[in-house]
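What follows is a set of notes on a single structure, which appears directly below.
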2 protein chains.
Amino acid sequence: MAIAEDTRERILEAAAAAFAEKGFEAATIRDICQRAGANLAAVNYHFGDKEQLYLELIQRAHRLREQQVPLPHWPAGTPAAEKLRGFIRTTMVRMVEDPAPQWQMQIMMREMFHPTKTCQALVQDFFRQHFELLLSILRELVPLESDEKLHLIGFSIIGQCLHYRVARPVVELLVGADENAGYTADLLAEHIADFSLRALGVPGRNGQPRQEAAR
Amino acid sequence: MAIAEDTRERILEAAAAAFAEKGFEAATIRDICQRAGANLAAVNYHFGDKEQLYLELIQRAHRLREQQVPLPHWPAGTPAAEKLRGFIRTTMVRMVEDPAPQWQMQIMMREMFHPTKTCQALVQDFFRQHFELLLSILRELVPLESDEKLHLIGFSIIGQCLHYRVARPVVELLVGADENAGYTADLLAEHIADFSLRALGVPGRNGQPRQEAAR
DNA sequence: AATCGTTTCATACGCTTGTTTGAATTGATT
DNA sequence: AATCAATTCAAACAAGCGTATGAAACGATT
């Protein structure tokens, strides 16, 4: 019983790594079971089949995301610009950092771009949650813009963040390994926030710095 | 002879579609040959094996890109801001529009994010070319910034563009099918250019419009 | 100590994949 | 009309995949 739960857990761990690395079809049950030190038939016994194993993993990823890197929640009166900075920072931590095993975000991404019917709903509201929060901040920040314009602005911000997850190999190739190594969540988040707030015509933290700032 | 060249060509066409849709491993030779109306063994006969067929396709994509949507070239004295607008517009056309069969960009992308050793070099300088051009424009636009900062700015711009290729399913899901249908290369390019130029502190076309602009 | 439900294991089945092979077909050249 | 290289074809191959099965091993309960 205790042992059973144990191999179940080991399989989930191994599957997480495998699915994140190679995707659903490319990852093989044989590889997963070998990494988990379990028998080939273990997946069938504990989960039924490959797809249900994957489904359970997605649900787990969804749950863990919320616990480990919750979306920020601000006290009333927080300036909208500060909220945007917080939002971007949280997003970047989720994108590039490794506080929890990073297979979670990796799988959510893969699931979004190559959807599996089984868990569309789950992944959908994961992204919708983020987007709605971002929109509410933007509405506060530039109340005069139309909804359509706000959507575009939202994508401009998300696009900047996503780039460092989705195109990381390209980034490293273009700036070199050293500079790439310095791209921490904090550094990137600050740049993206500065860039975006300026684009929105919101003055920087100390009046309007920049020009001449970095060297 | 003439017939042989013909099936060779048909296979290349079919393979382009298949690889772009499903990627290298997921696309099957059987499917490709069926679409091409050729025998299963035709790939082996004309190309040797699956990988060499893929390689030939990448080379072709690389060549065609240059011909069909060349990077813009400006007369001396063109304002840097105008160059940036042109660069972004060209990029967006390559990203979302379908002037040539769009498998070309699709395959280049896939090759970048899931590299195949065989054609790293080819794909690398495809991206490097773009990036260097963008950097040269930015240097002209904000000459006071350091190279590191320029890299970040470059990624902010590319990230915004890439988003509409890489995350298009998410985009459609978040704004609905109607609004998504209105996202032409022109519309998106103009937004991204406005957004980015403002972020760089470069005044818009007519002084400093925006706020109250779109409705 | 014997029993019984739970979990592991080795093995095999059916299917799809990329690749190979040797015969059939074709179309131009002699 | 005969010949011959180039091309097509049906069929088969080994290898890998997800899944299914029935026997073995295990642990708690009687």
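Only heavy atoms go into these numbers, but all of them, side chains included; no hydrogens, no water, no symmetry mates. Everything numeric in this text was worked out from a predicted model, so none of it was measured. Chain letters run A, B, ... following the sequence lines, proteins first, then strands; residues in each count from 1.
- Side-chain N or O atoms of A:D6 include none that pairs as donor or acceptor with a backbone N or O of A:E9 at under 3.5 Å.
- What separates CG of A:D31 from P of D:dA15 is a distance of 20 Å, to the nearest Å.
- Interface remark: the B:R30 side chain does form a donor-acceptor pair with the C:dG18 base, using a distance-only criterion of under 3.5 Å.
- OP1 or OP2 of C:dT8 lies within a sub-4.0 Å distance of a side-chain N or O belonging to A:T7.
- Minimum interatomic distance between A:V175 and A:N180 (heavy atoms only, all atoms of both residues): CG2-N, 3.8 Å.
- We find that CD of B:E25 is positioned 14 Å from C1' of D:dG16, with the value rounded to whole Å.
- The distance between atom CG of B:L40 and atom P of D:dT8, rounded to the nearest whole Å, is 14 Å.
- In this pair, A:F155 and A:F131 present their aromatic rings parallel. The plane angle is below 30°, not in the 30 to 60° band.
- A sub-4.0 Å separation between OP1 or OP2 of D:dA10 and a side-chain N or O of B:N39 is present.
- Using a 4.0 Å heavy-atom criterion, one finds that B:A27 contacts the sugar-phosphate atoms exclusively.
- One can place CZ of A:F47 at 16 Å from C1' of D:dG18, the figure rounded to the nearest angstrom.
- Computed from coordinates, the B:R8 CZ to D:dA6 P distance equals 15 Å when rounded to whole Å.
- Taking every heavy atom of both residues into account, A:R85 and A:A193 meet most closely at NH1-CB, 3.7 Å.
- If you take CG of B:D6 and C1' of D:dT8, they are 13 Å apart, rounded to a whole angstrom.
- Comparing A:D49 and B:G37 by the nucleotide of DNA chain D whose heavy atom lies nearest to each, the residue mapping closer to the 5' end is B:G37.
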Please list every donor-acceptor pair under 3.5 Å in which a side-chain atom of residues 19-27 of chain A meets a protein atom from a residue at least two apart or in another chain.
none

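- Distance, B:I32 CD1 to C:dT17 C1': 12 Å, rounded to whole Å.
- Following rounding to the nearest Å, B:Y45 (OH) and C:dG22 (P) show an atom-to-atom distance of 16 Å.
- Close to D:dA20, at under 4.0 Å from its OP1 or OP2, lies a side-chain N or O of A:N44.
- Remark: side-chain polar atoms of A:R165 are not paired, donor with acceptor, to backbone N or O of A:R94 under 3.5 angstrom.
- A sub-4.0 Å separation between OP1 or OP2 of C:dT8 and a side-chain N or O of A:H46 is present.
- Annotation: the terminal axes of the helix from C:dA1-D:dT30 to C:dT30-D:dA1 meet at 20°, where each axis is the rotation carrying the C1' atoms of four end pairs onto the next four (5 pairs per end, rounded to 10°).
- You'll find that the side chain of B:I29 is closest to C:dT19, out of D:dC9, D:dT21, C:dT19.
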Can you give me every donor-acceptor pair (side chain of residues 33-44 of chain A, partner residue at least two apart or in another chain, under 3.5 Å) with its distance?
| residue | atom | partner | partner atom | Å |
| --- | --- | --- | --- | --- |
| A:R35 | NE | A:D31 | OD2 | 3.3 |
| A:R35 | NH2 | A:D31 | OD2 | 3.1 |
| A:N39 | OD1 | A:A41 | N | 2.8 |

